[in-house]
Amino acid sequence: MKLMEYEAKDIFVQYDIPTSTGYMVENVENLKAVLYKLGLPVILKAQVLVGGRGKAGGIKFAKTEDEAMEMANKILNMEIKGLPVKKLLVCTPSEIQKELYVGFVIDRNKKKMTLLASTEGGVDIEQVAATSPEKIQRVLIDPIIGIQEFQCRNVASKMGYKGKEMLSLATIIYKLGQIMQDKDAELIEINPLAITPNGFEALDAKLVIDDNSLFRQTEFKEDFKDSQEYTPIEIKAMEAGLAYVELDGDVGIIGCGAGLVMASLDVVNHYGGKPANFLDIGGGASAENMKKALEIINLKKGVKSIFINIFGGITKCDEIARGILEFDPSVPVYVRMMGTNEKEARKILNEKGYELYQSMQEAAKAAVKGV
Amino acid sequence: MKLMEYEAKDIFVQYDIPTSTGYMVENVENLKAVLYKLGLPVILKAQVLVGGRGKAGGIKFAKTEDEAMEMANKILNMEIKGLPVKKLLVCTPSEIQKELYVGFVIDRNKKKMTLLASTEGGVDIEQVAATSPEKIQRVLIDPIIGIQEFQCRNVASKMGYKGKEMLSLATIIYKLGQIMQDKDAELIEINPLAITPNGFEALDAKLVIDDNSLFRQTEFKEDFKDSQEYTPIEIKAMEAGLAYVELDGDVGIIGCGAGLVMASLDVVNHYGGKPANFLDIGGGASAENMKKALEIINLKKGVKSIFINIFGGITKCDEIARGILEFDPSVPVYVRMMGTNEKEARKILNEKGYELYQSMQEAAKAAVKGV
Amino acid sequence: MAILVDEKTRIVVQGATGRQGQFHSNRMKLYGSKIVGGVTPGKGGQMMGDIPIYDTVEEVEADASIIFVPSRFMKDAALEAISLGLSPVVCITEHVPVQDAMFIIEHAKEQEVDIVGPNTPGLISPGKALLGILPPHIFKEGPIGLLSRSGTLTYEIIDEMTRNDLGQTTALGIGGDPVIGMDFISTLERFEQDKDTKAIVMIGEIGGNAEELAAEYIKEYITKPVVSYIAGKTAPPGKRMGHAGAVISGNTGTAESKIKALNAVGVPVATMPHEVPQLLKDLL
Amino acid sequence: MAILVDEKTRIVVQGATGRQGQFHSNRMKLYGSKIVGGVTPGKGGQMMGDIPIYDTVEEVEADASIIFVPSRFMKDAALEAISLGLSPVVCITEHVPVQDAMFIIEHAKEQEVDIVGPNTPGLISPGKALLGILPPHIFKEGPIGLLSRSGTLTYEIIDEMTRNDLGQTTALGIGGDPVIGMDFISTLERFEQDKDTKAIVMIGEIGGNAEELAAEYIKEYITKPVVSYIAGKTAPPGKRMGHAGAVISGNTGTAESKIKALNAVGVPVATMPHEVPQLLKDLL
């Protein structure tokens, strides 16, 4: 789960990583007290979990109280890439002399956490990686030994720093690595890490916690459902234990197993259809899972036909068939079923007038036509 | 530093290791409140850092309040192997069905922490190790990976337990290993770990913290000087940064470097003398160190001569000579000096009438004679 | 021949008495896998049908392990199997924290143990042994090695292959997580070494660049024909498509990039799953 | 020849700018050791006399390291040296937590790096290189290899040896802590391999059973004559005699036991330090 900037910065503060002083506000009424504490000018930053909020007008500089109130009001009533802004981070602006990048990611191929650092901060690091890979340092961290302080000094030193500055930078990198480990993060980034007359300062913060670790990272558990990361239907699906991704087409798609559902989307697309969603009920799903899947698809507007693609391995086709009968969506349903207990399933569904297919491509074609 | 039983058990409680309920009292007045909480009967256990307190009468069973008060009074006024008893642990007695041993030590040769476990608990484990080594399980713990739960299950299972008992025992062992790691212990032991009708219970607790880790194990730092582990002169020496061990002879011995001082003791002994102490001023010692060393020896009763043995490597003999002149002990001093700046030292000391030797054995002989 | 497991491999099931573990232990045994015992700490001494249950893996004389424990116990269970040198250790469990996965995999590498998964359907050497949750009836002995990031999609393609009389030496699900033990490259290497494998099917999906790296490896080291299918051509960026690893980040991890890389080294990539058998026939 | 270091070994000093580090860097250089740089994080870029100071070990082209940092920084400093494959890494620092020592030593073993210490005076190959804090003027080139748990006691015995014209190939303090890197056995092995070493002096003390194990090893593998001295015959049980490792626990670690074990395998043990040269002469 992605954390908001202000949440990540709260953790930075716990680890003594210097960040610009700031407070989160949820409404204009609270802003006054914050302005009293911070003084003027301030920067107002929309707290949303998508990139590009600056370009979208979600970051504003205010010199007077009136200006701040007006801008806060504006930002708190705005949507950025479809997400409503509910929170603002109000900070004292820093005098930026230079912007760096430091972060940790998981290297899937090396199977290790990797420290990334660059003197080219404040811009998209993937862009830097693509155009000038030599400007990024990469250090693999042994998953058993963990991050070591000397590794951070090596990086800070190669970034060109000396003396106390080198040591401060190394300490920031080390603490960041400790957060990555302690909090089971998938990604942690300071971009930019600014150099100011007061030393280094984390101006932005990105922190993504591994969802699979929430059983032990209990401090984040309750944040999970508040998160803006998912649409309301996606959250409903999550609560039902189903993997659901919202798309903007009109063919609803349900299948068992992530790979098969992805392939189903591709086949629908191949025949000129537009998938409305990705919905994986998983291997060995029950009738109840199937029913819930249909309910969830039904919540989505603009779905004109539904393609159900079941390959019965562990999944029993008759079980799925019974699930299909438990919910009656308002649009035509095209079912492809094969494998375990296929005959029984066929019998159950034929009785109720469902069209059944054996081939995935035939079913997909029909669903596209049915729109 | 060794912790007292009650201190170790406090840590056990933090780690959810089941121990018999008990309270520490420092005087008979507090005992009443404790008896009110615990009920009767109780066991009163002298808190001292030496073994054999049971045989010395430091552990008593009391059935009535009067009995408890009387016994507490007795134990709190007793000395065990020269150590005054200042604290009592008052516990509810447990119904013991069987006694086990579990603990962790540092294996110096394997250079790893080692888990020890035996179904022969309640007795001296070194005795068991000597007579029936096959009754002790030994599992080496990887210093980088640390203790793993499965290792504890393996041990618990081989001790003959099954089902929930096996799991509880494994958990106790695992927690014990975690304490060993988390608290930088050199030794941790539950002996006996009793089986009672309520399950496993730690009846005694031994925990030795690595003195070298006190910079990070700050919770123990203040205990350090309260500890009964050292005699008052030993503590004075420690405060002066000198390594001092009290012995019961009459030849005071000061030297530079632990090995050389041990050898000095041996040589004095070889010539029929009895060392009064071990005192290492370390390599590269200053005049001030030397002066303090003499002051410390002077505190010790019954010293009849002092043998100072200096091999000047990093240590400068003239510096040591100046230190010797700064304190005038009441007994004769025999100085052996060799090495760096030996000539200057000789001059300084000869002027003040000290006898100087070049050979260690000659000086030792003289010091023995001088008693 | 086959890779990793055959009819002689003695298998222990960790987490054997849970719902999943019980079902699949019996199913694997029924298929002919040499299941020598199940392990569930605290339940040792019981019998589960004719499979004896133990408290510890140490008590079982086994060569390989398959793990069904809940994700929070995966690290400990895997370290237990690794400590005894069992190989492969197949981690069926999904939702394993990535830090635990990295730890297990690094330690296994040091101990020269093969980890399959986590979040894998496991593997099958048809006619010899099933070490996973794959539906064995759709498989058939034959000359094709298959490796895949997906479960059901694999079954879909296997089914088409078997219908077309293209049997398999071994089929292995490498798992859908971002960090996994046996990966495309290490599995391709095994298939290359296996005499009976005459051609290889590699099923990829969006996310990461494992397929691109596999393409480079194929070019350099694989002499046998390889056919591929890549799922997720219509997946949007930034969204996890079911599998934890199936996500396009920025410009990396797209199906286009993978298909391009594979085509560039002469690996045909099927447009739709059912085309795989024909592509294989074209090359054999 | 010599073991571990010679005149060609390029040495970096970690913790070079502290009082001890500074003194001994200059002293080692003066002796002829090839000190190529000092490292103190945050002080890089300075010169200490003619020794350049760096922020990181990575910036120095070195073969071996000697560490003088305070004990709380030892683990990090040692891991830094190990990460670059420097060997030996000589840990002069005393009061290192035993858990840190075990960690460093285990990791060094995996990386095939020799650790000397912690809490060691280091080593000297007379006439070639000093990598430690031993007083070099008492040493002399010659055919005797010396290994010891003690510092000043070593100097005492070395001085007697040098006066008796018994020079040394290498003299190495293995350190006075309970857990150390190079130990009696691994050092004996090196002396056995070294052609120029004709006889070995092994100085032990109370605590542990390293001398007993060394005796077994000598019996099995050492063909060269070995002479010993064991300090602490009059030490009481349960008390630390200066060195953290010098403590008799129960019945283990007594001087008697060690002397008995060594005598049993034909190693003469001197009653007093000054007798060592005569014992050596008897055997050569």
Side-chain angles (χ1 to χ4, degrees), chain A residues 50 106-109 111-113 124 126-127 130 142-144 180-181 184-186 210-213 215-217 243 245-249 255-263 265-270 274-275 278-280 282-284 309-315 338-340 359-361 364, chain C residues 20 71-72 95-103 105-107 110 121 133-135 137-138 148-156 159 176 178-181 183 203 205-210 213 229 231-236 239-246 249-252 255 271-274:
Chain A
V50 288
I106 305 290
D107 186 319
R108 297 163 64 132
N109 301 311
K111 304 166 194 185
K112 288 184 170 80
M113 164 176 143
D124 182 5
E126 287 187 21
Q127 208 67 40
D142 185 301
I144 299 176
M180 181 85 171
Q181 291 172 173
D184 269 302
E186 286 179 351
D210 180 358
D211 292 349
N212 290 345
S213 75
F215 70 86
R216 62 188 176 207
Q217 298 295 341
V245 175
E246 207 151 329
L247 303 170
D248 47 15
C256 59
L260 188 61
V261 183
M262 271 189 268
L265 265 63
D266 294 349
V267 173
V268 163
N269 188 65
H270 181 79
K274 289 208 154 192
F278 166 103
L279 202 169
D280 174 14
N309 188 5
I310 303 299
F311 188 95
I314 314 164
T315 313
M338 255 199 77
T340 313
S359 130
M360 176 169 162
Q361 59 272 29
Chain C
Q20 263 220 318
S71 64
R72 68 183 67 197
H95 302 308
V96 175
V98 69
Q99 284 201 21
D100 293 358
M102 293 191 296
F103 192 108
I105 291 165
E106 178 71 15
H107 186 53
E110 287 167 4
I133 61 170
L134 312 97
H137 59 276
I138 60 170
S148 171
R149 277 170 72 184
S150 163
T152 41
L153 178 56
T154 301
Y155 313 155
E156 178 79 36
D159 189 62
V179 173
I180 48 175
D183 52 20
I203 304 172
E205 63 189 28
I206 54 158
N209 65 338
L213 294 177
Y229 174 76
K233 289 190 281 278
T234 43
K239 290 286 186 179
R240 291 225 155 120
M241 304 302 276
H243 286 153
S249 327
N251 298 319
T252 59
T271 306
M272 285 187 284
H274 70 279

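Sequence lines set the chain letters: A, B, ... in the order given, protein chains first and strands last, and positions in each chain run from 1.
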**Asked** Sequence neighbours excluded, which residues qualify as salt bridge (charged side-chain N to carboxylate O under 4.0 Å, His left out) partners of A:Asp107?
**Response**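 Result, salt bridge (charged side-chain N to carboxylate O under 4.0 Å, His left out) vs A:Asp107: none returned.
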Partner set under salt bridge (charged side-chain N to carboxylate O under 4.0 Å, His left out) for C:Arg240, not counting sequence neighbours: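 C:Arg240 satisfies salt bridge (charged side-chain N to carboxylate O under 4.0 Å, His left out) with A:Glu186 once adjacent residues are dropped.
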Among [options], single out the residue with the greatest number of heavy-atom pairs under 4.5 Å to chain C.
| options | result |
| --- | --- |
| A:Asp266, A:Thr340, A:Asp280 | A:Asp266 |
| A:Gly249, A:Cys256, A:Gly255 | A:Cys256 |
| A:Thr315, A:Leu265, A:Val261 | A:Leu265 |

Given side chains that start at C-beta, do those of [X] and [Y] come closer than 4.5 Å, heavy atoms only?
| X | Y | answer |
| --- | --- | --- |
| C:Ile105 | A:Pro143 | no |
| A:Gln181 | C:Gln99 | yes |
| C:Glu106 | A:Asp142 | yes |
| A:Arg216 | C:Asp100 | yes |
| C:His107 | A:Ile144 | yes |
| A:Met360 | C:Pro273 | yes |

Tell me, side chain or backbone of A:Ala130 under 4.5 Å from chain C's heavy atoms, or both, or neither?
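Neither the backbone nor the side chain of A:Ala130 comes within 4.5 Å of chain C.
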Distance in Å, [X] [atom1] paired with [Y] [atom2], rounded so as to fall on 0.5 Å steps:
| X | Y | atom1 | atom2 | answer |
| --- | --- | --- | --- | --- |
| C:Glu156 | A:Asn309 | CD | CG | 6.0 Å |
| C:Arg72 | A:Asn212 | CZ | CG | 12.0 Å |
| A:Gln361 | C:His274 | CD | NE2 | 4.0 Å |

What closest approach, in Å, do [X] and [Y] show between heavy atoms, and which atom pair accounts for it?
| X | Y | result |
| --- | --- | --- |
| A:Phe215 | C:Pro97 | CE2-CG, 3.6 Å |
| C:Thr152 | A:Gly257 | OG1-CA, 3.1 Å |
| A:Leu260 | C:Leu153 | N-CB, 3.6 Å |

_Is C:Val98 close to chain A through its backbone or its side chain, or both, or neither, when contacts mean heavy atoms under 4.5 Å?_
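Looking at C:Val98, backbone and side chain both touch chain A.
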Is chain A contacted by the side chain of C:Ile133, its backbone, both, or neither, given a heavy-atom distance below 4.5 Å?
->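 For C:Ile133, the contact with chain A is made by backbone and side chain together.
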If you count heavy-atom pairs under 4.5 Å with chain A, which of [options] comes out on top?
| options | answer |
| --- | --- |
| C:Ala255, C:Gly242, C:Ala246 | C:Gly242 |
| C:Asp159, C:Thr271, C:Ile180, C:Leu134 | C:Asp159 |
| C:Gly151, C:Ala244, C:Gly207, C:Ala235 | C:Gly207 |
| C:Pro236, C:Ala210, C:Gly232, C:Ala231 | C:Gly232 |
| C:Pro135, C:Pro121, C:Ala101, C:Pro178 | C:Pro178 |

#### Entry: Steps toward side chain to side chain contact (heavy atoms under 4.5 Å, CB included) verdict (A:Arg108, C:Leu213)
CA-CA 12 Å; A:Arg108 297 163 64 132; C:Leu213 294 177; over 6 Å; no
*Show the numbers, then the answer: is there a side chain to side chain contact (heavy atoms under 4.5 Å, CB included) between C:Met241 and A:Val245?*
CA-CA 7 Å; C:Met241 304 302 276; A:Val245 175; 4.0 Å; yes
**Message:** Assess the residue pair A:Met262 and C:Ile206 against the criterion (side chain to side chain contact (heavy atoms under 4.5 Å, CB included)); give the C-alpha distance rounded to whole Å, side-chain angles, the decisive distance to 0.1 Å, and a yes or no.
**Reply:** CA-CA 9 Å; A:Met262 271 189 268; C:Ile206 54 158; 3.8 Å; yes
